[in-house]
Student: 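I have a structure I would like to understand better, so I am pasting it below and will then ask my questions one at a time.
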Amino acid sequence: MRTKARTRLAKAVAMYAAMGVVVLVGGCRDDRDSAHAKPRTAPTVTVGDADARLPAWKAPHMDVDRRNAQALAKQADDALAAGRFADDDASSLPIFMALRDYEPMRARAEAGVDHSIAGLVLQARETLAAIDDDPDALQRVRHAASVLRVVALDRPDVERFLQQVDRVEDGQRYSERGEAELAQGRIGENGGDGAIAWFRRALALRATDARARQGLAAAESALIRRAEDASAREDYAGAEHWLVLAGRVRPQADVVAEARARIAFERAARIGELRDAGITALAEPRRGIETARGYLAHILRIAPAADPTAAELRRRIDFAVHYGLFQPGQRFTDGLQGGGRSPTMVVIPYGDFTMGAAPGEQGATDAERPTRAIHFERGLAVSMTEVTVGQFRRFVEATRYRSRSVRRGYSIAYDLRSGNFVRRGNVDWQHDYLGRLAADDLPVVHVSAKDASAYAEWLAQETGHRYRLPSEAEFEYAARAGSKAAYPWGAGTPPAGAGNFTGQGDRSPTGRAWQNAFTGYADGSWGPTPVAHYAADRFGLHDVTGNVSEWVADCWHSSYRRAPRDQRAWFNPGCRQRVLRGGSWASAPAQARSAWRSGLDADTTNARIGFRVVRDL
């Protein structure tokens, strides 16, 4: 900056010379002392704010005579060429002013004074333009102004320059006031007095004022800090309030948008933490749901409108209330302590249904009435299929359990020649409907109600979860799978592939046909088929009706009078008869209805009866 100034000043000196103003380098017209020169005095000068008061500049006293005049003139010319106009006593302006009082040098000195003033104005203007980049520039401008006010106040260019300096000084005073207000926390975000108003006053005087601009940025930052403090307190409405106000300070800046994005990210992270904590709490055996609801309430207080996180946690809580840690339709297995897995379980939804046969339902009996509304507070896990021979084998091998048919030495099997069910020795759970060794994927038959309960109790011991036989209400709810009709599929003949029923088109290995069967239906089987051979129902369960009938937990009662009003089993300790549910491969069509039920001795075993298990969630 100084190099450029000197170059321009050199050009200025050359310009003045071209205009006929002679700058003498040597010689003089008269070597007499100027005894008649009038002394000049300078007034006290205040530049801008009173706090920026400078002592009035006073030209230093110099004694000029013929002995030193030439040397002083040479010194002044060198200072003028170097751009040192009023820096110190050795600068061009004070020397030329002293030389004016020495008559032989007066003309030369007057020209030097003019050149010095012109150079000082030009230099001061350039310095003034640099005050936003040079921290010392303002002090040099103040010094130049104090000099010019003394030596050239009547010059128009000096007057204009001093007006500029006054505006800069006023702007500095406004910025200082703004900084003081900011230090006291008086930002002035709502208008009126305050830091923002003072900084804007400074910018109104000079739009490039870096100090005022920095002050506005500081005010903006202070408002953003208030927003961040509100965010830290989870007062996100308050944070947005402060961000809106901050956005009005410097609308063109991106700082507020960045702060808003940062706070939004932190808010989302906090909401995510609460959601995760709520989900984790749901696994607690006791107050988990209540704790999770507390986290949900917290999320609702701080989340934006329509935030999906609250809906997600609410859904998880609802599921926990009704399904534990599971979801409707979910399939799962539990590990067994001795190795292996439990049967595949399917979570069926909670809900309501009317239990029993509807008025006028064809084939219904009084044992299926009166109907009653049953409400399920929670979902239920039901084994996807009937328990298989292989699954029952694992139980027997692990416990050395001896089933009823093993202890008794016989069971009821199907006779192909006569088409009847007959007693057959050495037939037990390991055998199929004909009395032959059964494949592991067939439903286990030749088991009593007590055998089925023993298997469920073993599962509970092995897994640590409550496995049991289903109640009548649970079985019928699962069999209907949402249907209110007589059959799970509606009315009349089953759709193709619906299950293993007595169909008009079915034939035994000996060519025998059913006398009472579904018209127009054939499933291609005679006797139980491997589990999951036919289509699953709407709940994802196989063969709830069809394949084999199944033991449930209830004792037999001839009607539903005085039956429980909920899903619990109607069980009387010591009862001898248990309930059978679901038609089998050899049942009449009326027995395939969802409401059908029958009572048998709990020790009964035959080729048409198996079971499935349920697990509480």
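The figures that follow rest on heavy atoms only: side chains count, while hydrogens, waters and symmetry mates do not.
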Student: Are any side-chain N or O atoms of S175 and backbone N or O atoms of G171, one a donor and one an acceptor, separated by less than 3.5 Å?
Tutor: yes
Student: Before accepting this row, confirm whether a basic side-chain N of the pair R233/D229 lies closer than 4.0 Å to the acidic partner's carboxylate O.
Tutor: no
Student: Around atom OH of Y236, are there more than 12 heavy atoms of other residues, nucleotides or ligands at under 6.0 Å?
Tutor: yes
Student: Does the side chain to side chain contact (heavy atoms under 4.5 Å, CB included) test come out yes or no for D87 and R84, once each step is laid out?
Tutor: CA-CA 6 Å; D87 296 351; R84 293 186 293 104; 3.7 Å; yes
Student: Under 3.5 Å, which donor-acceptor pairs link side chains of residues 201-219 to any protein atom two or more places apart or in another chain?
Tutor:
residue	atom	partner	partner atom	Å
R206	NH1	D132	OD1	3.4
R206	NH1	D132	OD2	2.8
R206	NH1	T208	OG1	3.4
R206	NH2	D132	OD1	3.3
D209	OD1	R211	N	3.0
D209	OD1	A212	N	3.2
R211	NE	E179	OE2	2.9
R211	NH1	Q172	OE1	2.6
R211	NH2	E179	OE1	2.9
R213	NE	A207	O	3.3
R213	NH2	A207	O	3.2

Student: Tell me which one of V347, L380, I348 satisfies side chain to side chain contact (heavy atoms under 4.5 Å, CB included) with Y323.
Tutor: V347
Student: Using only heavy-atom distances, determine whether the side chains of E234 and H298 contain a donor-acceptor pair under 3.5 Å.
Tutor: yes
Student: For the pair E240 and R267, find out whether any cationic side-chain nitrogen is under 4.0 Å from an anionic carboxylate oxygen.
Tutor: no
Student: Checking Y477 now: which residues fulfil ring pair (Phe, Tyr, Trp, His ring centres under 6.0 Å) with it, not counting sequence neighbours?
Tutor: F353, F376, F539
Student: Should the pair R270-E273 be classified as a salt bridge under the 4.0 Å nitrogen-to-oxygen rule?
Tutor: yes
Student: Under 4.0 Å between a Lys/Arg side-chain N and an Asp/Glu carboxylate O for D170 and R173?
Tutor: yes
Student: Ignoring hydrogens and geometry, is there a side-chain-to-backbone donor-acceptor pair from N68 to A71 under 3.5 Å?
Tutor: no
Student: Could you tell me the separation between the CZ atom of F96 and the NE2 atom of H115, rounded to the nearest 0.5 Å?
Tutor: 8.5 Å
Student: Would you find a donor on one side and an acceptor on the other, under 3.5 Å apart, between the side chain of R468 and the backbone of V614?
Tutor: no
Student: Under 3.5 Å, is there a donor-acceptor pair between the side chain of R538 and the main chain of A481?
Tutor: yes
Student: At what distance, to the nearest 0.5 angstrom, does CG of L296 lie from CZ of R301?
Tutor: 10.0 Å
Student: Would you please indicate if the ring centroids of F326 and F319 are separated by under 6.0 Å?
Tutor: no
Student: Does this structure show an ion pair linking E290 with R287, if we count only N-O contacts that are shorter than 4.0 Å?
Tutor: yes
Student: One thing to verify: whether D334 and R615 come together as a salt bridge, which I'm taking to mean a side-chain N less than 4.0 angstrom from a carboxylate O.
Tutor: yes
